[in-house]
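I have placed the structure first, in the form of structure tokens, so that the comments after it can refer back to it.
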Amino acid sequence: MQYLLNDRQQEACFATDGPLLILAGAGSGKTRVITHRIAYLIEECGVNPYNILAITFTNKAAREMRERVDNLIGFGAESVWVSTFHSMCVRILRKHVEKLGRASAFTIYDTDDSKGIIRDVLKYLGMDPKLYPERLVLSVISKAKEQYMSPDDYEKEHATSYRDQQLASAYREYQKRLAANNAFDFDDLIYQTIFLFETNPDVLLEYQERFRYIMVDEYQDTNFTQFKLVEMLARKYRNICVVGDDDQSIYKFRGADITNILSFENQYEGCKVVKLEQNYRSTSNILNAANHVISHNQGRKDKTLWTEQEEGEKITYTRYGNEYDEATGVASEISKLIGEGQAADEIAVLYRTNAQSRLLEEKMLLANIPYRIYGGQNFYARKEIKDIVCYLKLLVNPSDNESLKRIINVPKRGIGATTVGKVEDFSLENGMSMYDALLDMDIVPGIDRAKSKLSEFMDLMEGIRTMISDGAFASEAFDKLIETTGYVELLQAEGTEEAKGRIENIDELRNKIVTYEQSAEQPNLTELLEEIALVADTDEEDAEGAPGRVTLMTLHSAKGLEFPNVFITGMEERLFPSGMSMDSDDPDAIEEERRLCYVGITRAMKKLYLTGASQRMIHGITNFCEESEFLDEIPKDYIVRKSAPGARMGRTMGKETEGKPYSNEKHGFADYGYGRPKMKDTDYSKTNPYTKNSANPSANPGFGKAFPMGGDTTAYAVGDTVKHLKFGKGVIKAVTPAGSDQELTVEFERVGEKKLFASLVKMKKL
DNA sequence: ATAGCGACGCTTTTT
DNA sequence: GCGTCGCTAT
């Protein structure tokens, strides 16, 4: 691990004022730079921590950054605003949302909730769900919101198509219902914050004045509204620093717009650009392979990673007969590694699609390898958890019809769809919430027969609401809920394994609530629900390896992580790169896959294994697979084709074998792709990054080594006499570790005692 | 009200 | 090939 900041990293830290683009290659110490830059702003530039905003994408990233900033600067760190886009917007909206005619106790809808609304909307508008599948409608709306398009904008933009007009009215009705339920979906949080700023310049000004220094991490993942929001906030002071890597932009499918980072320089006049190209993670073989692969992309910022590390082992590529052989092969290779003394948590197996995990998991189990699958179904998306959470949501926000409808008959209490429909119709006609209608249920026609059941439900809810307004804790409300609904009791009566699992999950939810109560300053249900809505449970998992377990995950979830040993499986055409990207007429689709490949390769520190299969069953059909084109893009200097144990040598695989599987699990014989001259014999020396870019000193190992700006010293000791650029002469009084850095206490002749960071300080030893 | 059955559809995922 | 979802039949 690198100790001090290298010169590029320092340059990024010192460029405090004006627009700054930090192009941070994989493994180049990006987070270090951001946190040190914050420390530098506060400690050396005298910026009030209160005026600093750092935006990340995930809660995990926000929490990590928070921790590292806290470790780096003791006092005042807590007033730096470190947050995700979404939680930042929630915070702003909670404070000002009444200016948009909304109540501050709004609910945040996840995709599941939104789907429910869409279902109702389609029914209400008489739109055929066959012609307009929910998923599609939802994604149309989401895309519109990402572009900051209102229903009216959308309608105008697509005035000629009947279908689009229908979609526009669905969008409009959807928004109307969100408002009626006092709910925002994820896209709304950002959209409405922009809208708030546009319609209330004084509110915008308040935040512009507050956030004089803004930093955005993973900038290549921002969408249009996120870009716009940042632009608005930074408009006044223009101290905007964005950090990202265009080569790691892999989230286009969820709205990320790579042009945000590519055109940042043009967007901001006088923008400074710093490239972090020294990689501290991988061996040069791995890094060179990654460089070569990514160099096949057009329209990227020119950037070549280099390292001081040794060549290391070559990458291996093994082609197995089928996906069973592949999984077995990976498992046995892992067993071998573990046998050689590698820790299981230093190994990761990556794949393009979640479907691939099943077989791998099976073979891990068989080979007795401890593993865990990262990602997968969200804890909060589980039925029993959603049910309980909807109760809580309804308790906080009685306007939330969607939650009411979900739980009014869960557990079954004899309130049927007809009854619910009548209540809904009545509330829709009278512009009131279903909950309010039920509070006064005598006025709702046609529900006489269900009245006693409805009263039972309302008594239950009102009872807990009274508890809460009397100051009960969330966990107490939770316990009361479980008790009066009999939710767990009923599951216990079921007695199945599945029910037991659900009870465990509910217990787990209770643990989370209690943990929240113990850690929050002012625990309240609204904030708890906010966390549940905005925090994925994978955040709580340590992505970088569960102790003693091999990690299995998708290439996407591997972004930002590193492992000594990495397997990338399924290196086949139409799997990786995906068939969809190959069929797409958008040339960027395949480039995005290539970036994903680049991300995968650069996760590996010491050893990279690539595997693929000659045939694989996909969607129930056996497909014959060509090798991934990305394999061709790795020069043979860095990669070795290995034959797997039991390989049948010299066999040629061709189209003639189609329909006749020549290898299966039981026989275990396989084709390893020999006789298929797929790897082109290219003269790679011409494209070697070191010879190609020798004019660029930072791309040349040996130059640009990490040493402090002040001179060739790498360590300070108590008693050293130093000279600081600004403070002049001084003597070091103390050297104390601070995070991954050192804090120096220096007694200066002119200005007295100062605390400074070893890696940032501009001074030299005398 | 609910189990059961057939149709569909299927990359990646955070908030 | 498998899981989900919605509709139907009871």
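Sequence lines set the chain letters: A, B, ... in the order given, protein chains first and strands last, and positions in each chain run from 1.
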Exercise. Map A:Ala417 and A:Ser581 onto DNA chain B by nearest heavy atom, then report which one ends up closer to the 5' terminus.
Key: A:Ala417

Quiz item: A:Glu530 near the nucleic acid: base, sugar-phosphate alone, or nothing, with a heavy-atom cut-off under 4.0 Å?
Solution: nothing

Quiz prompt | Dot-bracket summary - DNA chain B, pairs being Watson-Crick or G-U whose distances fall under 3.5 Å, with | when paired to another strand | solution = ||||||||||.....

Quiz item: Of the nucleotides B:dC10, B:dT12, B:dT15, which one has an atom closest to the side chain of A:Arg135?
Solution: B:dC10

Quiz item: Looking at B:dT15, C:dG1, B:dT12, which one has an atom nearest to any side-chain atom of A:His619?
Solution: C:dG1

Quiz prompt | Rounded interatomic separation in angstrom, taking CZ from A:Arg254 and P from B:dT15 | solution = 8 Å

Quiz prompt | Phosphate-side-chain proximity, A:Asn409 and B:dA1, N/O vs OP1/OP2 below 4.0 Å | solution = no

Exercise. Return the 5'-most residue of the pair A:Ile415, A:Ser578 with respect to DNA chain B, ranking by each residue's nearest nucleotide.
Key: A:Ile415

Quiz item: Where the side chain of A:Ser557 is defined as all heavy atoms beyond and including C-beta, which of B:dT13, B:dC10, B:dT12 is the nearest nucleotide?
Solution: B:dT13

Quiz prompt | Out of B:dT15, C:dG6, C:dG1, whichever nucleotide has its closest atom nearest the side chain of A:Leu534 | solution = B:dT15

Self-check item: Minimum-distance nucleotide (side-chain atoms of A:Arg352 versus B:dT15, C:dG6, B:dT12)
Solution: B:dT12

Exercise. Give a yes/no verdict on base stacking between B:dT12 and A:Phe253: centres under 5.5 Å, planes within less than 30° of parallel.
Key: yes

Quiz item: Counting side-chain heavy atoms from C-beta on, which of B:dT12, B:dT15, C:dG6 comes nearest to A:His556?
Solution: B:dT12

Quiz item: OH of A:Tyr374 versus C1' of B:dT14: gap in Å, rounded?
Solution: 11 Å

Self-check item: Length of the CD1-P vector between A:Ile590 and B:dT12, whole Å
Solution: 17 Å

Practice problem: Take atom CD of A:Glu134 and atom P of B:dG9, then tell me their distance rounded to the nearest Å. | Solution: 12 Å

